[in-house]
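Okay, so here's the structure we're looking at.
Just so it is clear, the structure is predicted and the values come from calculations on it, not from any experiment.
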Amino acid sequence: MSRPISELRSQRWYASNDIRGFAHRQRTQQMGMRREEFMGKPVIGIINTWSEMSPCHSHLRDRAEAVKRGVWQAGGYPVELPALSVGEVMVKPTTMLYRNFLAMEAEELLRSHPIDGCVLLGGCDKSTPGLLMGAISMDLPAIFCPAGPMSNGQWRGTKTGAGTHTKTYFDKLRRGEITDKDWVDLESRMTRSAGTCNTMGTASTMTSIVDAMGLTLTGASSIPAVDSGHPRMASLCGERIVSMVLEDLKPSSILTRESFLNGLAAYMALGGSTNASIHLIAMAGRAGIPLDLEDMAEISGKIPVLANLFPSGTYLMEDFHFAGGLRALLAKVADHLDLQAKTVEGRALGEAIADAECWNDDVIRNLDNPVVPLEQGRTLALLTGNLAPKGAIIKSSAADPKFLKHEGPALVFDDPGTMMRVLDDPDLDVTEDTVLVLRNAGPVGAPGMPEWGNLPIPKALLKHGVKDIVRICDGRMSGTHYGTCILHVSPESAIGGPLALLRTGDIVALDVAAGRLDMRVSDEELERRRAEFTPPRPLYETSFTALYQRHVSQAHEGCDFDFLSGVRNMPEPAIF
């Protein structure tokens with residue numbers, strides 16, 4: 001059923017005959033708009049995270065124009081609103097520090113302006129959850145338009161992807177297998193176009209998950225950024241959002257526990273990034289839907305990795321697109337999906353993937369031919385124990401199987417600077433049994449929980465051909481990375497979590513199959529150490545970062561702010 005224009009929230013700004021309504025119409029015409037171009041039409045906000053410091057989003061100015069075409073064609077009035085870009089790589093100390101900032105900005109941009117519905121332009125790691133957290137809280141009709149992955153890279157006949165190969169070739173450089181000249185040459189070969197990482201890193205993990213949850217045009221997440229199909233998809237987003245406004249199809253009408261479980265099914269089949277565990281919990285919290293690490297671990301135990309993509313496999317996102325993309329993957333796990341779940345298209349997910357086909361069964365595997373069988377590793381395994389009472393996670397499908405049950409002495413570092421200096425010592429006394437530990441990398445301690453968790457292999461081991469060891473951190477790891485890395489240890493060390501009590505030489509025991517992460521230290525000794533523990537002083541006393549440290553939740557809770565999580569009844573702004 002279509003709502004009358006008079007019921008749209010934008011009409012509070014534009015339709016009244018008082019002095020305020022006059023000013024709103026006057027100022028819109030000041031920008032060169034004819035009265036007929038905006039009066040009596042749904043107003044569509046285009047929240048754009050374009051930035052020249054975010055190569056993943058460098059094409060989104062053009063995509064905003066494509067969205068506008070679709071909005072105009074459908075009879076709406078489009079307005080573009082810039083938002084924080086949170087582009088990976090350039091932002092320090094980490095974009096995770098600013099995910100909640102973007103969520104706040106998106107919510108307040110929508111609340112404070114005469115917006116009836118929105119198209120969200122993003123795709124780089126934190127932009128997807130940040131934009132959607134804000135949109136979920138505001139609960140206006142919203143459609144996510146993913147930025148799309150970059151084109152495949154290639155170096156000397158070898159297919160190369162962003163992130164995964166950067167790490168691989170850096171280790172080759174440290175081992176002396178490539179030269180400094182090779183390293184420089186690689187810079188211009190691996191990232192060939194605009195768009196997000198072309199591996200199954202956090203960016204494509206998150207856009208694929210929200211696609212499976214029904215928040216994008218179905219399959220939109222797989223389209224490469226510079227493919228001509230991408231601006232056509234953006235235009236369709238603009239056309240569709242006008243209908244969504246008139247249908248009053250809001251996030252709360254789409255998001256259910258089942259839709260989140262659909263997202264989890266896609267996440268596990270993709271072999272997706274560990275970072276998704278934090279973002280999905282935060283998004284579910286905004287929607288008032290229960291979701292936790294146990295839910296993720298349960299589904300991870302049912303669905304193996306089917307997408308043959310780096311870092312778990314051998315292909316890149318462009319190959320995934322040409323093999324059939326996310327729709328083909330969802331069709332292969334259809335028995336694990338709620339096919340009645342709603343999508344922004346106004347139809348059920350089952351209908352949206354009914355005609356999906358896979359064109360390359362090596363890129364998108366069948367359930368009986370997984371990339372990584374469940375008995376060898378999972379997309380996400382949950383660990384608890386006296387080192388992680390509230391949980392830690394590991395992407396066991398990307399780990400060396402021989403380390404999934406392991407005991408060894410800890411080598412503990414309190415900051416990354418000291419760690420990097422020590423690990424580059426070719427005479428460092430370490431063995432393959434050593435367990436590397438970096439603490440003070442969590443949401444409060446770092447602050448912002450940076451991607452410090454893929455700790456480098458000590459040079460003393462690299463020269464002997466060692467490529468993996470057990471590593472533990474209360475921070476995160478890039479979704480493009482790999483190895484036996486235990487992440488998101490909660491509660492974090494900076495607030496007194498047990499990781500703060502671990503000392504170099506203590507024996508650490510890992511048993512992924514049993515879901516255990518422990519230190520072989522007696523309870524009495526731990527109590528003695530706890531009595532001696534002094535929390536580190538916060539690095540910031542002012543600024544947004546100080547606010548972040550005071551109000552951020554722990555990793556197992558989604559790292560949202562305590563005053564933003566949950567369903568809230570916010571009044572519309574007063575207009576006088």
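Using modelled atom types, one finds a donor on one side chain and an acceptor on the other under 3.5 Å when comparing Asp211 with Thr216. Under 3.5 Å, the side chains of Tyr315 and Asn152 contain no donor-acceptor pair of N or O atoms. When only modelled atom types and interatomic distance are considered, Thr343 and Arg347 share no side-chain donor-acceptor pair under 3.5 Å. Side-chain contact, Thr28 with Tyr14: a donor N or O sits under 3.5 Å from an acceptor N or O. A donor and an acceptor atom, one from each side chain of Arg568 and Ser137, are located under 3.5 Å apart. Side-chain contact check for Thr94 and Arg476: at least one donor-acceptor pair (N or O, by modelled atom type) lies under 3.5 Å. For Thr205 and Ser273, the side-chain atoms include no donor-acceptor pair closer than 3.5 Å.
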Set out, in order, the CA-CA distance, both residues' side-chain angles and the distance that settles side-chain contact (heavy atoms from CB on, under 4.5 Å) for Ile46 and Val79, then state yes or no. CA-CA 6 Å; Ile46 303 170; Val79 291; over 6 Å; no
Go through the steps for Ile143 and Leu215 under the test side-chain contact (heavy atoms from CB on, under 4.5 Å), then give the verdict. CA-CA 6 Å; Ile143 187 168; Leu215 297 172; over 6 Å; no
Apply salt bridge (charged side-chain N to carboxylate O under 4.0 Å, His left out) to the pair Arg550 and Asp562, showing each step before the final yes or no. CA-CA 9 Å; Arg550 293 187 193 115; Asp562 52 16; over 6 Å; no
Side chain to side chain donor-acceptor pair (under 3.5 Å) evaluation trace for Arg232 with Ser228: CA-CA 7 Å; Arg232 293 196 296 270; Ser228 63; 3.2 Å; yes
Pair Phe320, Ile364 - check side-chain contact (heavy atoms from CB on, under 4.5 Å), show working. CA-CA 7 Å; Phe320 182 70; Ile364 305 173; 3.7 Å; yes
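Between Ser397 and Arg378, the closest side-chain pair of non-hydrogen atoms is not below 4.5 Å. Looking at heavy atoms from C-beta onward, Ser259 lies out of side-chain contact with Asp338 at the 4.5 angstrom threshold. Side-chain atoms of Gln554 and Cys559, non-hydrogen and from C-beta on, never get closer than 4.5 Å to each other. At least one side-chain heavy atom of Leu316 sits under 4.5 Å from a side-chain heavy atom of Phe310. Counting only heavy atoms from C-beta outward, the side chains of Glu318 and Asn198 never approach each other to under 4.5 Å. Looking only at side-chain heavy atoms (C-beta outward), Asp227 and His321 come within less than 4.5 Å of each other. Side-chain contact between Glu239 and Val71 is absent, with no heavy atoms from C-beta onward closer than 4.5 Å. Side-chain contact between Lys342 and Glu258 is absent, with no heavy-atom pair separated by less than 4.5 Å.
Residue pairs meeting the ring pair (Phe, Tyr, Trp, His ring centres under 6.0 Å) criterion with at least one member in residues 44-64, sequence neighbours excluded: His59-His230.
Atom-to-atom distance recorded for Arg9:CZ and His113:NE2 is 10.5 Å, nearest 0.5 angstrom. Met190 contributes atom CE, which lies 9.5 Å from atom CE of Met150 (distance to the nearest 0.5 angstrom). Rounding to the nearest 0.5 Å places CE of Met268 at 8.0 Å from CD1 of Ile303. Rounding to the nearest 0.5 Å places SG of Cys56 at 7.5 Å from CD of Glu88. The line from CG of Leu261 to CE of Met296 is 10.0 Å long, rounded to the nearest 0.5 Å. Between atom OG1 of residue Thr49 and atom CG of residue Leu121 there is a gap of 6.5 Å, rounded to the nearest 0.5 Å.
At least one donor-acceptor pair under 3.5 Å links the side chain of Asn308 to the backbone N or O of Asp362. Distance alone, capped at 3.5 Å, places no donor-acceptor pair between the Lys250 side chain and the Gly117 backbone. With hydrogens and angles disregarded, no donor-acceptor distance shorter than 3.5 Å links the side chain of Ser204 to the backbone of Met200. For the pair Arg286 (side chain) and Met133 (backbone), a donor-acceptor distance under 3.5 Å is present. With Ser193 contributing its side chain and Ser151 its backbone, the two residues share a donor-acceptor pair below 3.5 Å. Remark: the backbone N or O of Gly161 is paired with a side-chain donor or acceptor of His165 at under 3.5 angstrom. A donor-acceptor contact shorter than 3.5 Å links the side chain of Ser553 to the backbone of Asp560. In this structure a side-chain-to-backbone donor-acceptor pair under 3.5 Å is present from Arg63 to Ala225. Between the Glu105 side chain and the Leu84 main chain, a donor and an acceptor come within less than 3.5 Å of each other. The backbone N or O of Arg69 lies less than 3.5 Å from no partner atom in the side chain of Ser235, so there is not a single donor-acceptor pair.
Of all the heavy atoms in Trp72 and Glu37, the pair that sits closest is CZ3-O, 3.5 Å. Between Phe144 and Gly123, the closest heavy-atom pair is CZ-N, 4.0 Å. Among all heavy-atom pairs drawn from Ala555 and Ile278, the shortest one is O-CG1, 3.9 Å. Ala212 and Ala266 get closest at one heavy-atom pair: CB-CB, 3.7 Å. Shortest non-hydrogen contact noted between Thr207 and Ser221 is O-CB, 3.5 Å. The shortest non-hydrogen separation linking Met213 to Leu280 is SD-CD2, 4.0 Å.
Enclosure of atom CZ in Phe22 is not indicated, since only 12 or fewer non-hydrogen atoms of other residues, nucleotides or ligands lie within 6.0 angstrom. Within a 6.0 Å sphere centred on NZ of Lys332, other residues, nucleotides and ligands contribute more than 12 heavy atoms. Sparse packing is recorded around CZ of Phe101, with 12 or fewer heavy atoms of other residues, nucleotides or ligands lying under 6.0 Å away. Around CD of Gln154, the count of heavy atoms belonging to other residues, nucleotides or ligands within 6.0 Å exceeds 12.
Salt bridge status for Arg61 with Glu52: absent, with no side-chain N to carboxylate O gap under 4.0 Å. We find that Asp125 and Arg99 are not joined by a salt bridge, their nearest charged nitrogen and carboxylate oxygen being 4.0 Å or further apart. Taking a cutoff of 4.0 Å between a charged side-chain nitrogen and a carboxylate oxygen, Asp319 and Lys159 qualify as a salt bridge. Ion pairing between a basic and an acidic side chain is recognised when a charged N comes within 4.0 Å of a carboxylate O; Lys302 and Glu298 show such pairing. Ion pairing between a basic and an acidic side chain is recognised when a charged N comes within 4.0 Å of a carboxylate O; Glu345 and Arg240 show no such pairing. Salt bridge Arg3/Glu247: absent, no basic N to carboxylate O contact under 4.0 Å.
Ring-centre distance between Phe561 and Tyr548: below the 6.0 Å cut-off.
Between His24 and Trp13, the two ring planes are tilted [angle within 30° to 60°].
Applying side chain to side chain contact (heavy atoms under 4.5 Å, CB included) to Thr95 and the options Met90, Lys126, Glu451 leaves one that passes, Lys126.
When the side-chain hydrogen bond (donor to acceptor under 3.5 Å, both in side chains) test is applied to Ser243, no partner is found at least two apart in sequence or on another chain.
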